Amino acid sequence: MKIICVGRNYAEHARELGNEVAEEPVLFMKPDSAVMQRNNPFVIPTFSNDIHYECELLLKIGRHGKCIEEEFAYRYISEIGLGIDFTARDVQQELKAKALPWEKAKAFDGSAYIGDFKAVTGISNLGELKFELHKNDAIVQSGNTANMVHSIPKLIAYISQYFSLKIGDIIFTGTPSGVGPVRPGDELKGFLEGQSMFRVRVR
Ligand code: ZN
């Protein structure tokens, strides 16, 4: 199983980090060792003083595919979910400044928090799904897939030109604006269309 992540897919978020909105999707990956155990708290790693949450809509792949055409892209998604792309922002800024790869900042152990999924059957509004992240009961991120720079079908078509999609792979589709740091004791809660999808504590 692999995790493919999309960067800068919401214009307001790209702007808040001082990045340009890319014409082509920005892609990076996380290994399976990045997946955080459900029910465990997120433990802030010792190598960073600035871990950020990035709440994102997740797509689970239900069918093998390569060079998928946009018009058939939805057939390859079996479930949708919500998760957090935990990012060591200080490490990422250093790597970006040196034009080095981002893995140490984005793909470390525990950096992929994967919440609940639900089957896509019956969901007709994948292009306008609302999701929210609450930190200590304040709403910090509020996204809508309608505001993606690159739509879900476009992402699947683009990604599958480079990386074959396999059953069980997960795509993190990018985060809306409002990213910020976590501190020990924080509690993060994710909601998709008003439904609770995860709850995670930070230690
Ligand atoms: Zn992200």
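Since we're looking at a predicted model, the values are computed, not measured.
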Legend entry - Identified ring pair (Phe, Tyr, Trp, His ring centres under 6.0 Å) partner of F28 from the options F172, F163, W102: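 Of the listed options, the one satisfying the test is W102.
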Determine whether a donor-acceptor pair (N or O, by modelled atom type, separation under 3.5 Å) exists between the side chain of [X] and the backbone of [Y].
X	Y	value
S111	F108	yes
Q141	C55	yes
D169	K2	yes
S160	I68	yes
S196	F191	no
E193	K130	yes
N9	T173	yes
K106	D85	no

Legend entry - Modelled atom types, side-chain donor and acceptor of E132 and H134, under 3.5 Å: yes
Legend entry - Distance-only side-chain donor-acceptor flag, E54 / T175, under 3.5 Å: no
Inset, instruction - May I ask you to check whether Y53 and F42 place their ring centers less than 6.0 Å from one another? - result: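 Centroid distance Y53-F42: not below 6.0 Å, so no.
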Legend entry - Residue from V179, I139, V140 passing side chain to side chain contact (heavy atoms under 4.5 Å, CB included) with L133: V140
Inset, instruction - If the plane angle is over 60° it's perpendicular, under 30° parallel, otherwise tilted; pick one for F198 and Y113. - result: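 Ring orientation, 0 to 90° scale: perpendicular.
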